Structures are given as structure tokens and as C-alpha cells.
Protein chains: 2
Amino acid sequence: MLSKKAKYAITALVFIAKHQEEQPISVSKIAEAQNIPLKFLESILTELKNARILNSKKGKYGGYSLNGAPESIDMARVMRLLDGAISLLPCVSFNFYERCEECIDERTCGIRQVAMEIRDETLKRLQAATLADIVAREDRLQQ
Amino acid sequence: MLSKKAKYAITALVFIAKHQEEQPISVSKIAEAQNIPLKFLESILTELKNARILNSKKGKYGGYSLNGAPESIDMARVMRLLDGAISLLPCVSFNFYERCEECIDERTCGIRQVAMEIRDETLKRLQAATLADIVAREDRLQQ
DNA sequence: TTAAATCCTATCATTTTTATAGGCTTTAAG
DNA sequence: CTTAAAGCCTATAAAAATGATAGGATTTAA
């Protein structure tokens, strides 16, 4: 399961991507429009800024804007930033590898092999799910 | 991520499936062989018994055995029992559906659509990953 | 000067996860 | 009939993760 944090982050990013004319856009606008707790969202957007996914502008008429094209930001990147590993098992994660403590022999673990295949498939789809892709999907669903 | 509980459960089930001649097999045998905390595993096997995935036999020379063929028990079933929903979002879960609280319109949510596609793919693979399949994979990996 | 924004630091309640402890009950063998 | 070895049952609890909230400092444009 995606955490609410990651879900809020992606929702906010999609919202920003959809309002590129009005950028920068303030936390309070996003929080209100998308029903996200204001202070929680503030801390999330700070993380996105620190990770250089967003730019920020301080002061009146300030706010956040995408750092890069909507095609360059995908769900995998955001989920890894906020939730850590994407895979079902730590021993199969590219970015957050850890041994399964109880594991006897990683090489011959059948559960692990299944987890690898699911990881590959899931990752492919999450990387294809860029902000541009999600916005396009929503445009299509709108009709 | 799979919880340790679910991982331990699947590991134990695979172990039992591999030792069908010696069934029933005791918690302590499994715990020792697979490096799983004894009392924790005990509570997990109780859950599997309550869900009719395992049979138990009390008293000396008692223990647990599979309730059904190794082909009939798959990872999806075990994960749902111990961890709940398999999907990335609650609004996309077959067995544990919930609205995303903040969601404005589920029908036109692009994130949800991505989550549905990943759910379908993941579920297909988890359902194919029966105990028999996992054992066969390990036999193959052994060489 | 002021309004509206981000930035920064601290705190915190709740839930989930990962167990542990200890005794009761059942069963098969000797 | 006793005993060893197993599951059954109930309670407890430490640690980590999750999902926030509070309040003030700083920055910027009008």
C-alpha cells in the first residue's frame, strides 16, 4: 500500500502539472482543492523541493512549481522518495536492498524469485506513469 | 512491502509443502529450520489454521499439515489473510475496498487507473505463485 | 507597511508491527 | 498412570511507522 504521504504527494504533483499557467501555486490552494491537510502537505512539498522535484518561490505570490517537464517526473521516483522500497521484499529492492534476516539462501529462494518478477512489472508501470501520463489519462477519463 | 508476518507465513508453508512425508510437522521444527521466532510463528500458524489453510494435530507427535494440495494455496491468499489489501490504493482493492478519503472523483482519477493496472498484473502473478509453484522454482534454482 | 507566502523546529497521538511470557490442554508412548 | 512433547489460549509490551498539528521566523511583492 501507498502511504497517504505518497498519495498526497502524487495528487499534489498532478494538480501542479495541470495548472502550469498559474505557477507558482501555493500549498493552501492545493490543500483546499484536493482535500489534503494543510500542514501535512506543507511538509510533503518541502521534501519534494529538497529532492529537486519541485521549485519553490518564497513571499507573497510565491508557491511551488515543477522542476522539470511533467514527462520527467514519475510515480516510482515519488514513491521511493516518500515510502522507500517499491518491491515486496527488501532482498529484491534496487534502491533499498536489505537481506531478509531469517533467509537461509537468497540465491535459491522461490518467494524471492516471484518478488523479482513482480518488482520488474510494477516498476515498469510506475516509471511509465509520469505526471504527463496521469494528466493525459484523466483527460481521457473526463469524457 | 510484505510484512514479516506474511513472509514468515509463506516461508513456513513452503517448508511444510516440502516435507509432506513427515507431516504433521511441529512449530519448533519450522522455527528452527527457517530462523523464525518460535512464539511469533506459533501465532501465525494459528491464523493459518483458523483460515483453514493448515490442519493441526494436538499432543505428542502433533503439528501442522497442509489443508489441501500445494497447488491450491497461493501467495495472494496468504498475503490477504495476514496483510490485508494487495493493491497500492484502497479504492482499487477487490477484498478490502475503501474510498481514498481525500478523493474528489474516483471515476476520473488517473493515479487510480495506474493502480488498477498494477493490481491486475500483481494479482495474476501472486495467484500463480502456489506452494507447488514455489517449490518447483526452488528445485530449479537448486541446480 | 502589510498580506501572503514559504521555512523551520518541535511535538505528539495513534496504529501497526514484531514480538515475548506463561500456563492450560491434549495426545501418544512406555 | 505417568510423562514428554505438542498445540491452545490470554495477556502484555517495546519499538517503529504513520499521519498529523502548532507556532513562530523569514521572505517578498504590492
Side-chain angles (χ1 to χ4, degrees), chain A residues 1-12 16 22-32 34-65 67 79 81-85 89-90 96 98 100-102, chain B residues 1-9 11-12 16 22-32 34-65 67 79 81-85 88-90 96 98 100-102:
Chain A
M1 277 278 201
L2 225 55
S3 69
K4 289 205 166 191
K5 204 167 169 176
K7 174 79 193 305
Y8 290 160
I10 298 166
T11 301
I16 298 172
E22 336 167 16
Q23 287 183 22
I25 188 160
S26 71
V27 179
S28 53
K29 273 235 176 75
I30 305 171
E32 192 167 3
Q34 300 295 316
N35 277 324
I36 302 173
L38 177 69
K39 280 297 201 175
F40 194 25
L41 182 58
E42 198 181 308
S43 72
I44 294 167
L45 297 194
T46 298
E47 282 193 72
L48 293 173
K49 189 209 63 177
N50 291 337
R52 298 177 183 278
I53 291 172
L54 287 177
N55 291 314
S56 72
K57 195 180 171 212
K58 292 186 210 171
K60 198 168 181 180
Y61 303 106
Y64 291 93
S65 54
N67 183 23
M79 286 173 58
L81 177 66
L82 298 169
D83 285 353
L89 296 177
F96 301 87
E98 277 180 71
C100 292
E101 291 175 69
E102 84 281 7
Chain B
M1 275 278 201
L2 226 54
S3 69
K4 289 205 168 191
K5 204 166 168 178
K7 174 80 192 306
Y8 290 161
T11 302
I16 297 172
E22 333 167 16
Q23 288 182 22
I25 188 160
S26 70
V27 180
S28 54
K29 274 235 175 74
I30 305 171
E32 191 167 6
Q34 299 296 316
N35 277 324
I36 302 173
L38 177 69
K39 280 295 200 175
F40 194 26
L41 183 58
E42 198 182 306
S43 72
I44 294 167
L45 297 195
T46 298
E47 283 193 72
L48 293 173
K49 188 209 63 177
N50 291 337
R52 301 177 181 280
I53 291 172
L54 287 178
N55 291 313
S56 73
K57 195 181 172 211
K58 293 184 208 172
K60 198 167 181 179
Y61 303 105
Y64 291 93
S65 55
N67 182 24
M79 286 173 58
L81 176 67
L82 298 169
D83 284 354
L88 291 179
L89 296 177
F96 301 88
E98 277 181 71
C100 291
E101 291 176 69
E102 84 282 8

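Numbers restart at 1 for each chain; the letters A, B, ... are given by sequence-line order, proteins then strands. Both backbone and side-chain heavy atoms feed into the values below; hydrogens, waters and symmetry mates do not. No experiment lies behind these values; they were computed from the predicted model shown.
Phosphate contact (OP1/OP2 of C:dA5, side-chain N/O of A:Ser56, threshold under 4.0 Å): absent. For the OP1/OP2 pair of C:dG30 and a distance below 4.0 Å, the side-chain nitrogens and oxygens of B:Tyr61 include no atom meeting the criterion. In terms of phosphate contacts, A:Tyr64 brings no side-chain nitrogen or oxygen within less than 4.0 Å of OP1 or OP2 of C:dA5.
Going from atom CD1 of A:Ile16 over to atom C1' of C:dT6 covers 13 Å, rounded to whole Å. Between the CG atom of B:Leu45 and the C1' atom of C:dT18 there is a distance of 16 Å, given to the nearest Å. Rounded to an integer number of Å, the gap from CZ of A:Phe40 to P of D:dA17 is 15 Å. When rounded to the nearest whole Å, the span between CD1 of A:Ile44 and P of D:dT18 equals 12 Å. When the C1' atom of C:dT6 is taken as reference, atom CG of A:Leu54 falls 13 Å away, rounded to whole Å. In this structure, A:Leu41 places its CG atom 15 Å from C1' of C:dC7, rounding to the nearest Å. Remark: C1' of D:dT21 and CD1 of A:Ile36 are 16 Å apart, rounded to the nearest angstrom. Taking atom CG of residue A:Asn50 and atom C1' of nucleotide C:dC7, one finds them 10 Å apart after rounding to whole Å.
Distances were taken from every side-chain heavy atom of A:Lys39 (C-beta onward) to each of D:dG7, D:dA20, D:dA22; the shortest belongs to D:dA22. Out of C:dT18, C:dA28, D:dA6, the shortest distance to the side chain of B:Ser26 is found at D:dA6. For B:Glu42, whose side chain is taken as the heavy atoms from C-beta onward, the closest listed nucleotide among C:dA29, C:dC7, D:dC8 is D:dC8. Out of C:dC7, D:dG19, D:dA6, the shortest distance to the side chain of B:Ser28 is found at D:dA6.
Classification of B:Glu22 and B:Lys29 as a salt-bridged pair fails, no side-chain N sitting under 4.0 Å from a carboxylate O. Look at A:Glu101 and B:Lys4 and you find a salt bridge, because one of the NZ, NE, NH1 or NH2 atoms lies within 4.0 Å of a carboxylate O, short of that distance.
Within the 4.0 angstrom heavy-atom criterion, only backbone atoms of the sugar-phosphate kind lie near B:Lys58; the bases stay farther away. Counting non-hydrogen atoms under 4.0 angstrom, B:Gly59 reaches a base of the nucleic acid.
In this structure, A:Lys60 and A:Lys5 both approach DNA chain D, and ranking their closest nucleotides by distance from the 5' end singles out A:Lys5. Closest-nucleotide positions on DNA chain D for A:Lys57 and A:Leu2 were compared, and the one nearer the 5' end corresponds to A:Leu2.
The side chain to side chain contact (heavy atoms under 4.5 Å, CB included) with A:Ser65 is formed by just one residue from the set A:Ile25, A:Leu54, A:Asn55; it is A:Asn55. With A:Leu45 as the partner, the side chain to side chain contact (heavy atoms under 4.5 Å, CB included) test is satisfied by one option alone out of A:Tyr64, A:Phe40, A:Tyr8: A:Tyr64.
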Q.
Between A:Glu102 and B:Thr11, does the side chain to side chain contact (heavy atoms under 4.5 Å, CB included) criterion hold? Intermediate values first, please.
A. CA-CA 10 Å; A:Glu102 84 281 7; B:Thr11 302; 4.2 Å; yes
